[in-house]
Q: 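Below: one structure in structure tokens.
Computed from a predicted model, the values in this text were never measured in an experiment. Chain A is the first sequence line, chain B the second, and so forth, proteins listed ahead of strands; every chain is numbered from 1.
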Protein chains: 2
Amino acid sequence: MVEISEPLALATGSRLRDALESDILTGVIAPGERLDEVSLAHRFQVSRTPIREALLQLASAGLIEIRHRRGAVVRDLGPQQIVAMFEVMAGLEGLAARLAAQRHGPEEAAELLACHEGCLAALGSGDTDAYYYANERFHQIIYRASHNLFLNEQCLALSRRLRPYRRLQLRAGDRAKTSFAEHGAVVDAILRGDGEQADHALRNHVAIQGQRFTDFIKALGGLSERRYQPAAE
Amino acid sequence: MVEISEPLALATGSRLRDALESDILTGVIAPGERLDEVSLAHRFQVSRTPIREALLQLASAGLIEIRHRRGAVVRDLGPQQIVAMFEVMAGLEGLAARLAAQRHGPEEAAELLACHEGCLAALGSGDTDAYYYANERFHQIIYRASHNLFLNEQCLALSRRLRPYRRLQLRAGDRAKTSFAEHGAVVDAILRGDGEQADHALRNHVAIQGQRFTDFIKALGGLSERRYQPAAE
DNA sequence: TCCTTGGCTCTTGTATACAAGAATATTGAC
DNA sequence: GTCAATATTCTTGTATACAAGAGCCAAGGA
């Protein structure tokens, strides 16, 4: 007999938050859109209470904004805010790489190399999605190899928040190929134990600079056009 | 006639959170201690609903831990977790300094210099509290001068969370004097526009390394002894 | 004496009820 | 016809009620 994974009650709390978070990150609920408590309660077949708790958590995560007695709206991040967040992401990942270079064990080195080869395979297959996921694993291995749990958590959280935009970047031209080459430099530095160089390499890999900046802003423009459509009805 | 600052209702929501946060950060509610909803509701003369919302926010901020159907407890950070958080703080502040070096305007330069002199005055007076506050301002000026709002917010949030431990460090021996000297190097690098050096200087200023690490662990031991006293009655 | 099992209590999670502030629509005056 | 003021409705914030899981205590057996 198959056991039910959770007491079902446990699901409720985080279920709502995860569902809403997903809807926001994927754009199902567009930036600027109002989050009405009763509608959501109706939609998820629960009362307003757990909905409110979910909204509060999303607000803490910075995904939505709750104004007193005025309800919640999905935060609309302007281009410069997104770039600012990538700047921080670059800093955090650089730090992770630096620490990973200093602290990684042999099994982590092997894992990193294996994942790097996996990236190569995905790149060769031409499957953008496959590369996306391999890329994600690559970065997460470095977070863990930093042996700093707090940093690991921070990186994961911010990375998740930036996920839609990372996806956007990967579409642009030969970004995947460039990305892989940059990964190579990161791997080299980490395995050599060169923290300074690892920091530098990963930071520049993540940062949105130069031509990538221009491309990114352009891609963002296309995204927001699509996004605003439903609101323009 | 003096106007009441808020419609009083607005206060309720954040009032509870701030009060609880303060109690936790100052140790009034000790790490590991249980946060009973009904007791808190009684204490603050409100119902459980707003208490729960406050607890949820504190959990999002990482100050407490809520386990499903098992209530909330104040998170007990072990020494290595605290050190890990300082490591991240150092990384973020280093990034802020790097960006500040590249982006600061003339009025920010002036502000930084003025604050640095204020630190000197506080140091001369021998008033540890005065130096503590001047020091805090100094760092916050750099956050702002990074011209990265997200980074600024992240720095402020983490800084607040680490406040009690920063205070602890400042007590140790001639830390204030060393601190001020390190500030000098940071100011120089930022004003010169040397991002690399500014990053390096501020990162090492914030990080807990070498002798400071030993001192810090020792100080932490004393703190937890005091903290656990009430629970040991 | 220690472990296990049963029931009891206590606390949390969710639903509902109610009050008060915001938004909106309507009506009146200019 | 437009603007303003007021009334109505709608939504949020808080309190309370109820259900169910978790922990605790006691009693019985090994």
Q: Whole angstroms only, please: what is the CD-P distance between B:Gln45 and D:dT14?
A: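 Distance check: B:Gln45 CD to D:dT14 P gives 15 Å.
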Q: Provide a list of protein-nucleic acid N or O atom pairs under 3.5 angstrom, restricted to nucleotides 16-20 of chain D.
A:
residue: D:dT16; atom: O4; partner: B:Thr49; partner atom: OG1; Å: 3.4

Q: Atom CZ of A:Arg67 and atom P of C:dG21: how far apart are they, to the nearest Å?
A: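 Distance, rounded to whole Å: 18 Å.
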Q: I need the CZ-P distance between A:Arg52 and C:dA15, as an integer number of Å.
A: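 Going from A:Arg52 (CZ) to C:dA15 (P), I get 14 Å.
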Q: Will you find, in the side chains of B:Glu93 and B:His205, an N or O donor that is under 3.5 Å from an N or O acceptor?
A: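 No donor-acceptor contact under 3.5 Å links the two side chains.
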Q: Can you check the A:Ile51 CD1 to D:dT11 C1' distance for me, whole Å?
A: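 So the CD1-C1' distance, A:Ile51 to D:dT11, works out to 15 Å.
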Q: Quickly work out the B:His42 NE2 to D:dA15 P distance and round it to whole Å.
A: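 Taking NE2 of B:His42 and P of D:dA15, I get 14 Å after rounding.
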Q: Would you mind telling me which of A:Leu63, A:Leu20, A:Ile24, A:Asp23 makes a side chain to side chain contact (heavy atoms under 4.5 Å, CB included) with A:Val74?
A: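 Running side chain to side chain contact (heavy atoms under 4.5 Å, CB included) over A:Leu63, A:Leu20, A:Ile24, A:Asp23 with A:Val74 returns exactly one hit, A:Ile24.
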Q: Starting the side chain at C-beta, find the nucleotide from C:dA15, D:dA15, D:dG13 nearest to A:Glu37.
A: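 Nucleotide nearest to A:Glu37's side chain: D:dG13.
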Q: For C:dT14, does either OP1 or OP2 sit under 4.0 Å from a side-chain N or O belonging to A:Thr12?
A: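 Yes, such a contact exists.
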Q: To the nearest angstrom, how far is B:His68 atom NE2 from D:dG21 atom C1'?
A: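 The answer, rounded to whole Å, is 8 Å.
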Q: Round to a whole Å and report the spacing from CG of B:Asp36 to C1' of C:dG13.
A: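 Whole-Å distance recorded here is 14 Å.
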Q: Looking only at non-hydrogen atoms, find the nearest pair between B:Leu158 and B:Leu92 and report the distance.
A: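 Between these two residues, the closest heavy atoms are CD2-CD1, 4.1 Å.
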Q: Report yes or no: is the cationic atom of B:Arg167 (NZ for Lys, CZ for Arg) closer than 6.0 Å to the six-membered ring centre of B:Tyr131, at no more than 45° off its axis?
A: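 Not satisfied by the 6.0 Å and 45° rule.
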Q: Evaluate whether atom CZ of A:Arg160 has more than 12 neighbouring non-hydrogen atoms of other residues, nucleotides or ligands under 6.0 angstrom away.
A: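 Incorrect, the count does not exceed 12.
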Q: Measuring to OP1 and OP2 of D:dT12, would you say a side-chain N or O of A:Arg34 lies under 4.0 angstrom away?
A: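 For D:dT12, OP1 or OP2 has a side-chain N or O of A:Arg34 closer than 4.0 Å.
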Q: Which residue, B:Glu107, B:Glu108, B:Glu111, B:Glu153, forms the salt bridge (Lys or Arg N to Asp or Glu O under 4.0 Å) with B:Arg144?
A: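 It is B:Glu111; the other options fail the test.
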Q: Can you find a heavy atom in the side chain of A:His183 that is under 4.5 Å from one in the side chain of A:Asn135?
A: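 Yes. Closest side-chain heavy atoms under 4.5 Å.
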Q: Starting at atom CD of A:Glu53, determine the distance to atom C1' of D:dT12, rounded to an integer number of angstrom.
A: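 To the nearest whole Å, that distance equals 15 Å.
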Q: A:Arg70 near the nucleic acid: base, sugar-phosphate alone, or nothing, with a heavy-atom cut-off under 4.0 Å?
A: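 Sugar-phosphate only.
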